[in-house]
Structures are given as C-alpha cells and as structure tokens.
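Notes follow once the structure below has been shown.
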Amino acid sequence: MLVMTFVTKTLSAVSGGAVRAAAHSVAGAKNLVRAVLHRREVMRLSELDERGLKDIGLVRSDIDGALAVSWLSDPSSVLQARSDQQQSVAASRREAGVRRPMVIPAAVRPGAKEIKIACNA
C-alpha cells in the first residue's frame, strides 16, 4: 500500500512537470510565431517613405531600431514603447504651452499694483 502511494505520487509529479513543460513549449512556439509575423509587418512599414512614416508618428530610425532586436523578440513592442515615449513628450510640451496666467499679489511689492503674466512658450 505504501509503495503504491509513493509510485502514484511520483507519477503525478512527473506528469504535472511534463504538462508544464509542454505548456511552456507551446507558449514559446506561439510567441516565436507572433514575433515572426510582427517582424514581417514592421518590414512592410520600412517600405514607406518618410512622409508616410510621419503620418503614423514614426521615423526611419524607429523602424531600424525595431528590426535590430533579436529574431526571438517582438519588434512591434519596441515600436509601441517608442510611440508611448513620444506621446508623453508631446503631452508635456502641450501642457507647458498652455500655462495659466500667474497673479503676483501687490503684497510682495509694496506700492505696486497686481500684474498678470501670461506665458505661451
């Protein structure tokens, strides 16, 4: 009885490990196929001229940098990261350009009137 319990537990542990290994292999193959398909799409983007790339918010160096990553990694994730970075920079520039006027109180400078300063840098 003890031997049978030991063998059953051992076999279940081996089968569980085999299932995990198979799932990991399938996930790896799926990621590899996805990376190859996305690489082909990025290569199609490299056929666009500078104006077409600018319309979608990219430059030639973005495409070259994405294609420079390993064949095992997804180049579209590189493009996504660069796009997110450019959007955050553009948002901060827009925010800086729309500054609210500051009111300098007269108490700071005795005898002076309040001055409103607007900056549209």
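Between R82 atom CZ and S77 atom OG the span is 10.5 Å, to the nearest 0.5 Å.
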Exercise. Any chance you could lay out the side-chain contact (heavy atoms from CB on, under 4.5 Å) test for N31 and D74, step after step, and finish with the verdict?
Key: CA-CA 8 Å; N31 290 339; D74 189 0; over 6 Å; no
Quiz item: Given R44 and E47, is the salt bridge (Lys or Arg N to Asp or Glu O under 4.0 Å) satisfied, shown in steps?
Solution: CA-CA 5 Å; R44 285 187 189 159; E47 296 171 358; over 6 Å; no
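Within the 4.5 Å cutoff, the side chain of R60 has heavy atoms near those of the S46 side chain. Side-chain contact check for D49 versus L53: every heavy-atom pair is 4.5 Å or farther apart. A 4.5 Å side-chain heavy-atom check between Q86 and D62 finds at least one atom pair inside the cut-off. For the pair I63 and L48, the minimum side-chain heavy-atom distance is 4.5 Å or more.
Criterion: ILVMFWY side-chain heavy atoms under 4.5 Å apart, direct or through other members. Under it, V78 and M43 are not part of a common hydrophobic cluster. In the hydrophobic cluster analysis, where Ile, Leu, Val, Met, Phe, Trp and Tyr join through side-chain heavy atoms closer than 4.5 angstrom, L32 is grouped apart from L67. Grouping the Ile, Leu, Val, Met, Phe, Trp and Tyr side chains by contacts below 4.5 angstrom, directly or via other members, places L79 apart from V69.
Remark: E50 CD is packed, more than 12 non-hydrogen atoms of other residues, nucleotides or ligands lying under 6.0 Å away.
Between the side chain of R39 and the backbone N or O of P75 there is no donor-acceptor pair closer than 3.5 Å.
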